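First the structure, in the form of structure tokens, and then the observations on it.
Just so you know, these numbers use all the heavy atoms, side chains as well, and skip hydrogens, waters and symmetry mates. Since the structure is predicted, the reported quantities are computational estimates derived from the model, not experimental observations.
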Amino acid sequence: MSLSRVRPARALTVLLGLLLAALAGYAVVGNWQQAALVRGVAAAGSDTDAYQLAAFELTTEMATLQGTMQETGGEEHDDLLAANQRADDAMGHMAEVDEEHHGDAADLAARHRNLRMVVIGFLAQIERGDEAAAEVTLEEVLEPEYTAMMTELLAEQKHHLADYDLLQTQALRDSRHSVIAVLVVVLAGLVVLGGLGLSRRAYRRQVEAMAGADPLTGLRNRAAFVDHVAEALPDEPTVLVINVDGFRDVNEQLGHRVGDLLLVETGRRLASLVRGGDVVARLGGDEFAVLLRDREPGVGETIAARLTEAFDRSFVLDEITLDLEVSIGAATAAAGENVITVLRHADAAMHEAKQNRTGFHRFQGEGRQDAAARLSLLGDLRRAVEDSDQLTLHYQPKVAVDTGALVGVEALARWHHPARGSVSPAEFIPVLEVTNLMHRFTERVLTMALGQARTWLDAGHRVPIAVNVSARSLLDPQFPARVAALLAESGVPGDLLSIEVTEYALMSDPDTAIHALHRLREAGVVASIDDYGTGYSSMTYLKVLPIAELKIDRSFVLDIAENNSSRALVASTVELGHRLGLTVVAEGVEDEAAVEALREIGCDTAQGYHFDRPLTAEALTARLEEKLQTA
């Protein structure tokens with residue numbers, strides 16, 4: 001072989017050697033670059049994981065907060081602080097791993113940590129029964145702050161996902177430019193990166209699904225349902241809120257396992273009866289919701305009837321057969337309304353259906369004070385309870401039907417607001433009934449009424465006084481003892497005080513109510529069922545209740561002279577009361593024809609504008625003195 005040929009061969013060998021060395025060096029550099037890219041992808045993935053976990057735990061905590069508000073004694077109440085701690089741990093971890101935006105992440109974690117005392121205060125409001133204040137804390141402090149934090153979390157998460165995708169794209173581009181010598185490495189890198197990408201996307205989908213699903217029933221949770229309603233708002237959808245009547249009794253008497261099975265079966269029944277485009281969710285506790293993407297309100301009634309019928313079938317759980325009903329509220333979104341408003345309207349309608357036992361109620365724009373107005377009114381009421389110039393009593397005479405003689409009075413609270421003037425009881429009593437201020441208000445009214453009874457006694461007038469008492473006050477274990485103490489303090493005999501309670505107050509917790517009435521009777525206090533005929537008390541309870549009087553609601557008395565049905569109902573009530581040894585009082589008597597009809601029926605007592613409007617203590621005292629002088 002000639003030298004001329006060897007040299008080119010050697011040159012080729014050297015060239016190939018150099019090329020192989022270059023390829024090897026390129027491979028090393030390529031491997032180093034690839035390793036750096038993989039490390040970057042892993043770091044970006046770690047950041048993304050931390051933000052996704054924080055978002056999931058924050059969403060779970062928010063759902064638990066809202067569930068605690070909807071079901072104050074439910075499982076969400078017990079898990080709230082634990083959910084808050086999990087979210088705090090997740091956000092702390094997020095701040096630790098995010099080196100790029102450490103300051104922003106640490107600020108988010110600190111903001112969440114600072115909310116813990118607010119959450120504890122919210123729980124305290126729930127536990128002491130101050131649900132109005134708790135609702136304001138939730139809607140005006142917690143929800144806006146959690147929403148703001150979630151928005152920032154999602155923005156940061158999006159940024160990290162963008163970094164992650166950018167690194168993936170760069171790795172793929174560099175891999176395509178690699179030479180044959182590093183092809184195996186490149187392909188392996190692509191496989192690893194591709195597998196990592198698929199894994200990350202699968203994990204992301206799993207986290208998103210978990211964040212939007214109720215872990216017990218598998219239905220969508222409150223957060224996911226809110227998102228669906230928000231998307232559907234432009235189409236003015238209808239929302240149904242469904243509550244399982246009697247669920248708390250099942251939980252308390254049969255245990256949480258049976259309660260959980262009941263919730264799972266309820267969710268399954270609801271989901272099986274809606275249409276394909278409808279969305280079913282569990283909002284928390286025993287409360288479910290359905291989103292109907294229809295402008296036609298009548299669809300809500302049709303679906304609600306279908307859901308109600310589903311509960312006609314018994315539940316068989318762990319060989320236990322249960323028969324339960326549901327209360328359903330419906331609200332159709334109006335232009336300009338947000339998600340919170342629509343859900344609040346549907347929830348209010350559901351509570352209306354539950355209270356009246358109608359099964360279904362549609363929100364028709366009933367007048368409802370917003371939270372700020374209620375709080376303002378409540379604050380004014382707190383001051384009024386201690387101000388004798390604002391809170392006074394008027395007295396409506398109760399007259400014997402056969403003789404026309406005064407046999408007692410009913411004390412009616414009147415509030416003269418220093419700025420608004422006279423405020424109707426129909427406006428402020430509902431605000432009181434949902435707060436513990438009702439106890440102080442009732443005690444204040446009793447104190448004023450007994451003080452007036454003492455004044456009349458000292459002047460020689462023995463006038464029995466009736467005072468209306470709410471369910472909240474009657475069911476308070478301390479109420480009978482407070483009444484007895486007020487009687488002793490005023491020196492008024494117990495038989496001059498009559499406690500008037502509605503059928504609803506008695507039937508909301510019959511055992512506690514009966515016990516309270518027995519203790520009141522021991523103090524000599526007379527008990528009366530007010531608005532009789534408008535509630536749903538059974539004959540069994542009527543037989544055992546320690547009461548002395550039935551008051552027939554004005555709706556049956558107004559047309560008693562010309563309406564045979566009303567006359568028959570009043571007559572049967574009078575006969576029933578007399579057979580049980582009770583005095584029967586007719587409310588709302590407005591003309592002599594009604595008095596004559598009541599006299600023929602044999603009714604004992606009547607009250608209404610025909611005899612007198614509610615009078616001030618001074619005006620009634622003047623009439624008593626006048627009658628005393630002419631006697």
| remark: Here the gap from H394 atom NE2 to L412 atom CG, rounded to the nearest 0.5 Å, amounts to 9.0 Å
| query | Under 4.5 Å between any side-chain heavy atoms of L381 and L437, yes or no? | reply | yes
| request: First locate atom CG of L545, then atom CZ of R521, and finally report the distance between them rounded to the nearest 0.5 Å. | output: 10.0 Å
| SG on C603 to CD on E575, rounded to 0.5 Å | 13.5 Å
| query | Can you name the nearest heavy-atom pair linking F363 to A349, along with the distance? | reply | N-CB, 3.7 Å
| Just checking, is any N or O donor in the side chain of E410 or N468 under 3.5 Å from an acceptor N or O on the other one? | yes
| field | Evaluation steps, salt bridge (charged side-chain N to carboxylate O under 4.0 Å, His left out), between R482 and D476 | value | CA-CA 10 Å; R482 285 203 296 270; D476 176 11; 2.7 Å; yes
| query | Are R362 and E301 ion-paired here, with the side-chain N under 4.0 Å from a carboxylate O? | reply | yes
| query | Got a salt bridge between R599 and D402, using NZ or NE/NH1/NH2 to carboxylate O under 4.0 Å? | reply | no
| In terms of side-chain geometry, is the basic nitrogen of R519 or E522 positioned less than 4.0 Å from the acidic oxygen of its partner? | no
| field | Nearest atoms (heavy-atom pairs only) where R567 meets A597 | value | NH1-CB, 3.5 Å
| task | Kindly compute the distance separating CG (L406) from OH (Y395), expressed to the nearest 0.5 Å. | result | 13.0 Å
| Atom of P614, atom of Y609 and distance for their closest heavy-atom approach | CD-CE1, 3.9 Å
| task | Look at atom NE2 of H256 and say whether more than 12 heavy atoms of other residues, nucleotides or ligands are closer to it than 6.0 Å. | result | no
| query | Parallel, tilted or perpendicular for F428 and F441, by the 30°/60° rule? | reply | perpendicular
| message | I'd like to know whether R454 forms a side chain to side chain contact (heavy atoms under 4.5 Å, CB included) with E489, so could you lay out the CA-CA distance, the side-chain angles of the two residues, the decisive distance to 0.1 Å, and finally the verdict. | response | CA-CA 10 Å; R454 181 70 263 171; E489 183 180 335; over 6 Å; no
| Side-chain touch L520/L517, heavy atoms, less than 4.5 angstrom | yes
| Carboxylate-amine/guanidinium proximity below 4.0 Å for D245 and R357 | no
| said: Under a 3.5 Å threshold, yes or no: a donor from one side chain and an acceptor from the other, between H416 and D389? | reply: no
| task | Decide yes or no on side chain to side chain contact (heavy atoms under 4.5 Å, CB included) for E287 and M350, but give the supporting numbers first. | result | CA-CA 10 Å; E287 196 160 281; M350 180 274 292; 3.1 Å; yes
| field | Where F611 and A606 come nearest, the two heavy atoms and their spacing | value | CE1-CB, 3.6 Å
| Is E443 paired with R440 through a side-chain N to carboxylate O contact shorter than 4.0 Å? | no
| Donor-acceptor contact below 3.5 Å, side chain S528 vs main chain D530 | no
| field | Any donor-acceptor N or O pair under 3.5 Å, side chains N243, H351 | value | no
| query | Is it the case that T217 and D214 place a side-chain donor and acceptor less than 3.5 Å from each other? | reply | yes
| message | Could you check whether any side-chain N or O of R444 sits under 3.5 Å from a backbone N or O of V385, counting only pairs where one atom can act as donor and the other as acceptor? | response | yes
| Side-chain donor-acceptor pair present, E592, H610, cut-off under 3.5 Å | yes
| message | I need the L569 CG to S555 OG distance, nearest 0.5 Å. | response | 9.5 Å
| Taking the side chain as C-beta and beyond, is there a heavy-atom pair between R257 and D260 under 4.5 Å? | no
| field | Salt bridge R383-D380, side-chain N to carboxylate O under 4.0 Å | value | yes
| said: I'd like to know if the side chain of S473 and the backbone of V469 have a donor-acceptor N/O pair within less than 3.5 Å. | reply: no
| Donor-acceptor under 3.5 Å (D591 side chain, A594 main chain) | yes
| remark: A617 and T621 have their tightest heavy-atom pair at O-OG1, 2.7 Å
| Mind checking whether L261 and F315 have side chains closer than 4.5 Å, heavy atoms only? | no
| Heavy-atom check, side chain of P493 versus side chain of R462, under 4.5 Å | yes
| query | Looking at R554 and E590, does any basic side-chain N land under 4.0 Å from a carboxylate oxygen? | reply | yes
| Check against side chain to side chain contact (heavy atoms under 4.5 Å, CB included), I529 and T502 | CA-CA 6 Å; I529 296 183; T502 63; over 6 Å; no
| query | Quick one: do the D79 and T64 side chains pair a donor with an acceptor below 3.5 Å? | reply | no
| field | Under 3.5 Å side-chain donor-acceptor pair for Q607 and E587 | value | no
| Backbone N or O of L487 within a donor-acceptor pair of the S490 side chain at under 3.5 Å? | yes
| task | For residues E500 and A466, report the shortest heavy-atom separation together with the two atoms involved. | result | OE2-CB, 3.2 Å
| note | When rounded to the nearest 0.5 Å, the distance separating CE of M438 from CG of L474 is 12.0 Å
| query | Does any N or O in the side chain of T455 come within less than 3.5 Å of the main-chain N or O of G451, such that one atom is a donor and the other an acceptor? | reply | yes
| said: Under 4.0 Å between a side-chain nitrogen and a carboxylate oxygen: does that hold for E549 and K398? | reply: yes
| field | Student check: side-chain heavy atoms of F288 and L270 closer than 4.5 Å | value | yes
| task | Verify, without hydrogens or angle tests, whether D559 (side chain) and E562 (backbone) share a donor-acceptor contact under 3.5 angstrom. | result | no
| Would a distance-only check, ignoring hydrogens and angles, find a side-chain to backbone donor-acceptor pair under 3.5 Å from R306 to L273? | yes
| said: Could you check whether R420 pairs with E427 (Lys NZ or Arg NE/NH1/NH2 to Asp/Glu carboxylate O, under 4.0 Å)? | reply: yes
| Are any of the side-chain heavy atoms of I328 and V241 separated by less than 4.5 Å? | no
| said: Within the 3.5 Å criterion, strictly below it, is a donor on W415 or S422 matched to an acceptor on the partner's side chain? | reply: no
| request: Please determine if R313 and E265 form a salt bridge, counting it only when a charged side-chain N lies under 4.0 Å from a carboxylate O. | output: no
| task | Apply side chain to side chain contact (heavy atoms under 4.5 Å, CB included) to L307 and V326, showing your working. | result | CA-CA 9 Å; L307 299 181; V326 289; 5.8 Å; no
| field | Beyond-backbone contact of V526 with I499, side-chain heavy atoms, under 4.5 angstrom | value | no
